[in-house]
Amino acid sequence: MAGEPGSAHNDDLRLAESLRAGDVIALTEVYDAYAPFIYDYCHGLLRDRVEAAGALRNCVIAAREHAGRLAEPDRLRGWLYAIARKECMRRRDSPNRHVGQEAPEAEDDLSAEQLARREERRLLAHSALTALSGRQREAIDLSIRHELDEVDLAGIFGIPLEETLGLVERSRLDLDAAIRASLIAQNHWKDCPSVAALTESWPLAPQTATSLVRHVASCPVCTELRTPPLPADRLLSVLPIAAIPADLRLDVLTAATAEDRAGNRRAIAAWTEPFDEYGWPLPYEPTPARAKDRGTGGRRRGPLIGAVAAAVAAIVVLAGAFAAFGGESEPGAAGTPPAAAGSSGDPGDPSAPAEPTPTDPSPSVSATSPSPSKSPSESPSPSKSPSKTPTTRPPSQPVTHAPPPPKAGHLAVSGCSMGNDDSCAVTVRAVGGPVNWRVTGTSGGVSAHGSGHLAAGQTATVSASRPDEWCWSSKSGSVSFAPGGSASVRYC
């Protein structure tokens, strides 16, 4: 991430103990240290600024209510992420979830040349990350950008530590291979006809990225090509960071401490239950019955030092067993290129019926509201093969072929006029087929951000804003999009 998590990064023990004692100052310190990073993580899972703000608020409330459960207070930061993830999965499962308002990007003081270079690197990062599964992308995001270790990830995902170590190891190896393949596609596509055929559009689509990685690994020509070293942490450092709303701090701290909201806090705290024997929330389950049946089985991590040592040894001995890890298929949902960055995977089925819950008030948030973006998510683990083979061969079935993928469409954009207002809505529409789109640049002082996926005929809007200055005469700018198109924006 851009910057360290804050002064509390190495002070979890003190903050956890203070939270247990009901210290309001400690709650403020926790927010100031971790809220911007947890908000970015929640936004990566939910792709909506209002939902991300609500998830962060409920995370802080639940942390204060359940602080006494945490058996390892020095792991407060990872525990907060685990609470946040469970709340995000609950919100993703809700039929009443808010959609369509992606958060603006945290601003950086970069020159035009630096911005252009960053955009180019982001496209490369998108092409590499899209070759990974949703769970792999989320593991990479948490371990590299958010600097959480495997023990924290085991608690966040609710999986055994041995499985977590395998997930992280496999994800890093697959990302390194995807980065190299993307660099070849970017810089050496002329050297291999197969690469040129695979990479006619940029950035790469998920299926194309996966095919490219497989090709590069087996192609004699590509094997001999040299690419510059590009560490994963350096590449991921260019991914967007969702800007936390400035007025959210007061809203969250008030909701977590006001005497007249005690009943609401108890309801929010109940959503985080049940917990395992270490005080970490068990993964979200769509129905109470599934949560009850799951219990705490398979979640025990044992003494941390011994468990880490044993798991590392297991990885060394069973390296071959993890070779095929992370082969999950992708159901459609956001990510970022750099939602990417913060992509996500839900152990539950987002299409399952929503669990009845108390009314969930959303905080008031003031921020620019670009259009929605589709967020990456993972699919359930592949089902196990039958353990027995029938003795009688079933009658042969007619061979069927999967229908061809829908033909990609093109993007149609419509400009807007603000008059004396601060912003207006640019409309984007998919014509002739589905379109993955994103804002690639602006001119004339206009600001706009956004990306997403549109089915054929669907539309979305992008909020374009003007500079905060007096209007002396009519002015104009533009918003540019990929895969093509530019919208004119007038103001004053």
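- To the nearest 0.5 angstrom, Ser94 atom OG is 7.0 Å from Glu51 atom CD.
- In this structure, the side chains of Arg91 and Leu45 stay at 4.5 Å or more apart for every pair of heavy atoms.
- Ion pair Asp152/Arg75 flagged as a salt bridge, since at least one NZ, NE, NH1 or NH2 atom sits closer than 4.0 Å to an Asp/Glu carboxylate oxygen.
- Ion pairing of Arg97 with Asp48 is absent here, as no side-chain N (NZ or NE/NH1/NH2) approaches a carboxylate O to less than 4.0 Å.
- In this structure the side chain of Ile268 never reaches within 4.5 angstrom of the side chain of Glu65, judged on heavy atoms.
- With Ser443 contributing its side chain and Ser478 its backbone, the two residues share a donor-acceptor pair below 3.5 Å.
- Ionic pairing of Arg90 and Glu87 is present here: one or more N-O contacts between side-chain nitrogen and carboxylate oxygen are shorter than 4.0 angstrom.
- Seen from the ring of Phe157, Arg135 counts as a face-on cation partner, given the 6.0 Å and 45° thresholds.
- Under the 4.5 Å side-chain criterion, counting only non-hydrogen atoms from C-beta, His66 is in contact with Trp79.
- Within the 4.5 Å cutoff, the side chain of Tyr39 has heavy atoms near those of the Leu248 side chain.
- Residues Ala232 and Ile179 share a closest heavy-atom pair of CA-CD1, 4.1 Å.
- Counting all heavy atoms, side chain and backbone alike, Ala16 lies closest to Leu76 at N-CD2, 3.9 Å.
- The two residues Ala448 and Val439 make their nearest non-hydrogen contact at O-CG1, 3.7 Å.
- Residues His43 and Arg47 have side chains in contact (heavy-atom distance under 4.5 Å, counting atoms from C-beta outward).
- Taking CG from Leu80 and CG from Leu56, the interatomic distance works out to 9.5 Å, rounded to the nearest 0.5 Å.
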| field | From CA spacing to verdict: side-chain contact (heavy atoms from CB on, under 4.5 Å), Met418, Arg490 | value | CA-CA 6 Å; Met418 301 180 201; Arg490 291 187 173 87; over 6 Å; no
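- With Arg122 contributing its side chain and Val238 its backbone, the two residues share a donor-acceptor pair below 3.5 Å.
- Using a 30° and 60° split on the angle between ring planes, Tyr41 and Tyr81 fall in the tilted class, from 30° to 60°.
- A donor-acceptor pair under 3.5 Å links the side-chain atoms of Lys86 to the main chain of Leu282, judged by distance alone.
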| request: Begin from the C-alpha positions of Leu142 and Glu138 and carry the test side-chain contact (heavy atoms from CB on, under 4.5 Å) through to its verdict. | output: CA-CA 6 Å; Leu142 289 170; Glu138 187 176 1; 4.1 Å; yes
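- Tested against Phe481 for a side-chain contact (heavy atoms from CB on, under 4.5 Å), the candidates Val428, Thr440, Val435 yield a single pass: Val428.
- Counting heavy atoms from C-beta on, the side chains of Val60 and Val30 never come closer than 4.5 Å.
- No side-chain donor from either of Thr461 and Thr427 sits under 3.5 Å from a side-chain acceptor of the other.
- Summarising the geometry of Leu239 relative to Ala125, their closest heavy-atom pair is CD2-CB, 3.8 Å, with the distance given to 0.1 Å.
- Here the straight-line distance linking atom NE2 of His146 with atom CG of Leu153 works out to 10.5 Å at 0.5 Å rounding.
- Taking 4.5 Å as the limit, every side-chain heavy atom of Tyr491 sits out of range of all side-chain heavy atoms of Asp422.
- Salt bridge annotation for Arg249-Asp32: present, with a cationic side-chain nitrogen under 4.0 angstrom from a carboxylate oxygen.
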| request: Using the side-chain contact (heavy atoms from CB on, under 4.5 Å) rule, take Leu132 and Leu175 through it: C-alpha gap first, then chi angles, then the decisive distance, then the call. | output: CA-CA 7 Å; Leu132 307 183; Leu175 179 59; 4.1 Å; yes
| Cys416 and Cys424: CA distance, side-chain angles, deciding distance, disulfide bond (SG atoms under 2.5 Å apart) verdict | CA-CA 6 Å; Cys416 61; Cys424 65; 2.0 Å; yes
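- Salt-bridge formation is not detected for the pair Asp176/Arg172: no Lys NZ or Arg NE/NH1/NH2 atom is positioned less than 4.0 Å from an Asp or Glu carboxylate oxygen.
- Arg265 has no carboxylate O lying under 4.0 Å from a charged side-chain N of Glu259, or vice versa, which leaves the two without a salt bridge.
- Between Asp23 and Leu15, the closest side-chain pair of non-hydrogen atoms is not below 4.5 Å.
- Residue Pro73 comes nearest to Arg20 through the heavy atom pair CD-NH2, 4.1 Å, listed as atom of the first residue, atom of the second, then distance.
- The heavy-atom pair separating Leu46 from Ala52 by the smallest distance is CD1-N, 3.9 Å.
- A salt bridge between Arg69 and Glu273 is present, with a side-chain N of the basic residue lying under 4.0 Å from a carboxylate O of the acidic one.
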